[in-house]
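Inspection log for the structure reproduced underneath, given as structure tokens.
Below, all heavy atoms of this structure are taken into account, side chains as well, without hydrogens, waters or symmetry copies. Each ligand, and each atom within it, is numbered from 1 in the order the structure gives.
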Amino acid sequence: NSPFSENSYYSFIQISAWIARIAKKNPKLVSRIHIGNTFENRPMYLLKVGKPSGLKKAIFMDCGIHAREWISPSFCQWFLKETYGKDKNMTDILDNMNFYVLPVFNIDGYIWSWTQNRLWRKNRSTISNSSCVGVDLNRNFNVAWGTIDASKKPCDETYCGSSAESEPETRAVATFIRKQLSSIKAYLTMHSYSQMILFPYGYSYEKTMNHEELNEIAKGAVEAIESLYGKKYRHGTSAATIYPSSGCSDDWTYNQGIKYSFTFELRDKGKHGFLLPESEIKPTCEEIMLAVKFIANYILNLTD
Ligand code: 0X9
Ligand code: ZN
């Protein structure tokens, strides 16, 4: 009953209509939460999914922090469409925990990528004393801000902004997460491309306190992915597996105390890159769904 089509990418107008509709049609399961506005003043809505009940664990998941990574918002839509009542395991998960899903983190950038420049990455904020536009929202979090693989030059793709959390989109997400820290047990952020599941740290080669545990979870998640269509995903720390970088959302959530923080890099490995054909939306979402469920079940079974 949702208009989401697994065979096409959705424009932001389509996505926002879908967000309103899915909340309206499933009031017992889905609610829409306004967390802030973008630089261009568009409202940012989060979808809270789960059966209402007292104390529940939660998983926060965002899609589309980078504008051109279109498969990422497709996954958030898929996740909601597939969610409740379709299979027993997902029903169990949602009876016992909530998901906070941000379908498009970087709305202004996503629209720019649809209308002006398909390969746009950053948001669309204007910068004083520069004619260049946009901050890399995944360099704008308050964690080792402005150090490794982050540029102070507004024209660069990894421009980290004038200060940590300078961007309204970053502030909206960080503020929401700070308020919900007691319930949020895991943080998942969806990117493309390169087929990886990454965990902290990205800003340092040091290992986290629960490195072995994170590695085991990521390993289980990539095995679940591979079991479906045989696609190989790598796993490991961001710094060692993709490249070191600072100001990223997953490292920030980790340091806030969310000990299960993961960055997903979806298909493919570079053949099409950001321009992943629409025929790959469905299989990508199906395989990633298995990984998300694997992590959700792990979180559900944690006793603390
Ligand atoms: O560079 C990024 O922001 C991510 N890769 S992407 O190609 N989608 O831009 C990787 C971020 C990994 N996480 C950390 N370094 N903490
Ligand atoms: Zn990305």
**CD (E206) with more than 12 external heavy atoms under 6.0 Å** = no

**Prompt:** What residue and heavy atom of the protein are closest to atom 12 (C) of ligand 1, and at what distance?
**Reply:** S238 OG, 3.5 Å

**Asked** Relative to the Zn ion (ligand 2), how many protein N, O or S atoms have a separation of less than 2.8 Å?
**Response** 4

**Item:** atom 10 (C) of ligand 1 [closest protein heavy-atom partner, distance rounded to 0.1 Å]
**Value:** E265 OE2, 3.4 Å

**Prompt:** Which ligand 1 atoms does D250 reach within 4.0 Å, using its non-hydrogen atoms?
**Reply:** 13 (N), 14 (C), 16 (N)

**Message:** I need the contact type for S194 against ligand 1. Using non-hydrogen atoms and a strict under-4.0 Å cut-off, is it side chain, backbone, both or neither?
**Reply:** neither

**Request:** Could you tell me which atoms of ligand 1, counted from 1 in the order shown, lie closer than 4.0 angstrom to a heavy atom of D251?
**Result:** 16 (N)

**Asked** If you count the atoms of ligand 1 from 1 in the order shown, which ones are under 4.0 Å from a heavy atom of H191?
**Response** 8 (N)

**Prompt:** Between Y260 and Y187, does the ring centroid distance fall short of 6.0 Å?
**Reply:** no

**Request:** May I ask you to say whether E213 pairs ionically with K259, meaning some side-chain N is under 4.0 Å from a carboxylate O?
**Result:** no

**Prompt:** Taking NZ, NE, NH1 and NH2 as the nitrogens, is one of them in E265 or R234 under 4.0 Å from a carboxylate oxygen of the other?
**Reply:** no

**Request:** Return the residue, atom name and 0.1 Å-rounded distance of the protein heavy atom closest to atom 9 (O) of ligand 1.
**Result:** R121 NH1, 2.6 Å

**Prompt:** Going by distance alone, is a donor N or O of one side chain under 3.5 Å from an acceptor N or O of the other, for N123 and Y110?
**Reply:** no

**Request:** Could you pull out all residues at least two apart from Y9 that satisfy ring pair (Phe, Tyr, Trp, His ring centres under 6.0 Å)?
**Result:** W70

**Complete:** In terms of its nearest heavy atom to atom 7 (O) of ligand 1, the top option of F274, Y243, F264, F199 is Y243

